[in-house]
4 protein chains.
Amino acid sequence: MTKDNILNSALQLYATEGYHGASMAKIAKGAGIKAASIYFFFKNKEALFQELFQHVLMEHFAYVRRSMEHVLKSGEDVETMIRTLFSTVSDYHRRHAAETRAYIALVTAPPIMAQPILKNHMQSFDQWLTSTLALILKEECLSTQEYETISELIVLQMDGLFWELNFYDDEKIKKQTDVAIHFILFYLKQLQD
Amino acid sequence: MTKDNILNSALQLYATEGYHGASMAKIAKGAGIKAASIYFFFKNKEALFQELFQHVLMEHFAYVRRSMEHVLKSGEDVETMIRTLFSTVSDYHRRHAAETRAYIALVTAPPIMAQPILKNHMQSFDQWLTSTLALILKEECLSTQEYETISELIVLQMDGLFWELNFYDDEKIKKQTDVAIHFILFYLKQLQD
Amino acid sequence: MTKDNILNSALQLYATEGYHGASMAKIAKGAGIKAASIYFFFKNKEALFQELFQHVLMEHFAYVRRSMEHVLKSGEDVETMIRTLFSTVSDYHRRHAAETRAYIALVTAPPIMAQPILKNHMQSFDQWLTSTLALILKEECLSTQEYETISELIVLQMDGLFWELNFYDDEKIKKQTDVAIHFILFYLKQLQD
Amino acid sequence: MTKDNILNSALQLYATEGYHGASMAKIAKGAGIKAASIYFFFKNKEALFQELFQHVLMEHFAYVRRSMEHVLKSGEDVETMIRTLFSTVSDYHRRHAAETRAYIALVTAPPIMAQPILKNHMQSFDQWLTSTLALILKEECLSTQEYETISELIVLQMDGLFWELNFYDDEKIKKQTDVAIHFILFYLKQLQD
DNA sequence: GATGAATGAGGATTCATTCAT
DNA sequence: CATGAATGAATCCTCATTCAT
């Protein structure tokens, strides 16, 4: 459908040139139509952006959540769960490179109107992550202090991996993911001894 | 000096709106002059950008390197050195927020002409970091395998902290820096036992 | 009927924004349909305009003529006839505010194609008005000179009232109408003495 | 000067096509420059309009006031003063046809932002006219009632002449002006007997 | 009858840049 | 050093119109 072509084209451009660099003409060309036609589907540039941005955030969130819910229900051990958490997120980004790059570009030089959506999303994600970590770690007999520290640690590793998506190739990212997982599990084990 | 005003104004704009969002008129206004006057100091928009970008990268590199050389020469223990490495980088970014945000914006949606400079810089920095880590860890009797793992770990923590600069306030960044340092040292200690 | 809705919507827009300000999209929205649908009823924007314009002029002319014919046939005295002439015109405009405002907007900044219609209408109206005034005044025993002067005077009062429709409210317009009538009758009486 | 050329060109276009019909490109062409250059002198289309509109209103007001002050000071009789009032206004409009037509076009289909300026101006003009009429008529020994009637009558004649500017040629306008003056004086004389 | 989808032309405005002063 | 004045190209967006459904 034309609308999807527009959204896709916009996504690619946001990924490589940011919001300001993605002109309506370029987006249209990428979608195989003329610039004027975009306005049949979207009120203006901002509305197109908002719809796309929101969609990208939703998709990512939904995917990660679904994947984790699945694992949590299956009653696996901590190691498997943490491994799944990291590889799910990492895989998602590796397989949705354009979305991820667009997301990063938009987060780091966000058009003003993106900021509320973004803030909202980050809050939701943080909240979800916190409660998910609680579920993962609930049988590990950790003190509050220990629990908080390990949570912060996990977030730090995820953020590190995320930033590295900008530079490293698949191979290296996979390796860094393993390092992160390994490290977290290692620390967890030490705590329990 | 006027030239510095121009560079400063450009930096602020790159930080908040990215390369495409920073028009010559806006830069000029921020510098208290008219757009035409910029051309007395810079051949064109690209030249201005290049000079500024190069300068920002240099400054950062030079600062971190100087700071680490100082510590390395003073023959402190591993802990101090790692602590210095992290807090130097972290402090620099916290105190040069505009430069950092501009850097991030430009890295994540880089105008084509920035890419060689960027690649070049990253290579140099990686190289320097690797050799510096070698110096820091040289007395710790690590196997090659262990050395590599811990290097990757350190880089991962640095990258995590860097990405978090986008969202967290000073307080939280400081805390996350402490978490990073704490765990690296912890891991190092475990390896040695 | 849809066609009437379109004409009505166009009328409102011509009244408030003139010909250039009345886009097909706005007209359609006002009629509760999509712009494309207008083309089922009208060949193009110009044809819609022409039909509407002609209709507005006709209606007004027909109304005033009908009303005056009625009075003329009833064989009233001069005063009543002049009073009727003025109040008929004045009332019509007050009760057809949109038509009147559209008419004024179109007369004062007329799209080229409107000008022949307009010229035609004005000629007809002038002609009718002249012959009507002749009928009204025929029993007043006026010299040609006197007759011409009083005709010009009447036209001048009508034009004054018409222009004032742009600014004054109903109340004031009614009052000014009375002033005009009073003045004309006064002058007429003086002539006869 | 270029700025004046722009204002002049805009004036002509407003006169013939109204605000909506006067595109920046057309205005620029009339001024012998390119559309982009207009923005060096005016912030945007609205600002250009406002400046021009205000200027037109001021000029007219100032001219009429100056002219009347002159006559009032010279202590002429009523007849001369009324004659001067009408011919001054009439002459001004006949000699500033473009300004007048632009004024009419803008008043009858006014862009929203023009309305406060317009309202303001009309109030000022009304006020001035009222007080001027008071000065003109002060020695005529009129009752309040009579004074008010004759004031309204004068305004009505002026409005009629103004509207007729849209259609009649110079010759006819002059004649109608004479008719108006003649009748006002006539009415005044009758009152005094 | 009505609309979804599309477009070429033109609208206002911004942009980087030039050049004479 | 700095700017006033100018512009071609590109920006976002609206317009009237078409055509298949």
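Letters A, B, ... are given to chains in the order of the sequence lines, protein chains preceding strands, and every chain is numbered from 1.
Remark: aromatic rings of H20(B) and Y19(A) are distant, center separation not under 6.0 Å. The aromatic ring centroids of F42(C) and F49(C) lie 6.0 Å or more from each other. Between F53(D) and H121(D), the distance separating the two ring centers is not shorter than 6.0 angstrom.
Listed for the K29(D) side chain is no donor-acceptor partner under 3.5 Å among the backbone atoms of A35(D). The backbone N or O of G21(A) lies less than 3.5 Å from a partner atom in the side chain of K26(A), making a donor-acceptor pair. Within the 3.5 Å criterion, the main-chain N or O of I33(A) finds no donor-acceptor partner in the side chain of S37(A).
Look at NZ on K29(D): it is 13 Å from C1' on dG10(E), rounded to the nearest Å. With rounding to whole Å, M1(B) atom CE is found 15 Å from dA2(F) atom C1'. Atom P of nucleotide dA6(E) and atom CD1 of I38(A) are separated by 11 Å, given to the nearest angstrom. Straight-line distance from the CD1 atom of I33(A) to the C1' atom of dG4(E): 14 Å, rounded to whole Å.
For residues 3-18 of chain C, proximity to DNA chain F is found at no residue, defined as any non-hydrogen atom under 4.0 angstrom from a strand atom.
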Margin query: Would E59(B) and E99(B) count as a side-chain contact (heavy atoms from CB on, under 4.5 Å) here? Give the steps.
Written below: CA-CA 10 Å; E59(B) 279 284 287; E99(B) 277 90 342; over 6 Å; no

Next item on the list: Test Y103(D) against L118(D) for side-chain contact (heavy atoms from CB on, under 4.5 Å), laying out the working first.
Entry: CA-CA 10 Å; Y103(D) 171 73; L118(D) 188 58; 4.1 Å; yes

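One finds a side-chain N or O of S37(A) lying less than 4.0 angstrom from the OP1 or OP2 phosphate oxygen of dT7(E). Taking 4.0 angstrom as the limit, T2(B) places none of its side-chain polar atoms (N or O) nearer than this to OP1 or OP2 of dC1(F).
Nearer the 5' end of DNA chain F, as judged by each residue's closest nucleotide, is the contact made by F41(B), out of F40(D) and F41(B).
The residue from L7(A), L57(A), N8(A), I6(A) that alone fulfils the side-chain contact (heavy atoms from CB on, under 4.5 Å) condition with L52(A) is L7(A).
Stem analysis of DNA chain E (Watson-Crick or G-U pairs, both distances under 3.5 Å, runs of at least three) returns E:2-21 with F:2-21.
Atom CE of M58(A) has 12 or fewer neighbouring heavy atoms from other residues, nucleotides or ligands inside a 6.0 Å radius.
Cation-pi check for K45(D) over Y39(D) is not met; the charged atom does not lie both under 6.0 angstrom from the ring centroid and within 45 degrees of its normal.
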Item checked: Heavy-atom protein contacts under 4.0 Å, nucleotides 12-17 of chain F, coded B base, S sugar-phosphate only, - none -> SBBSSB

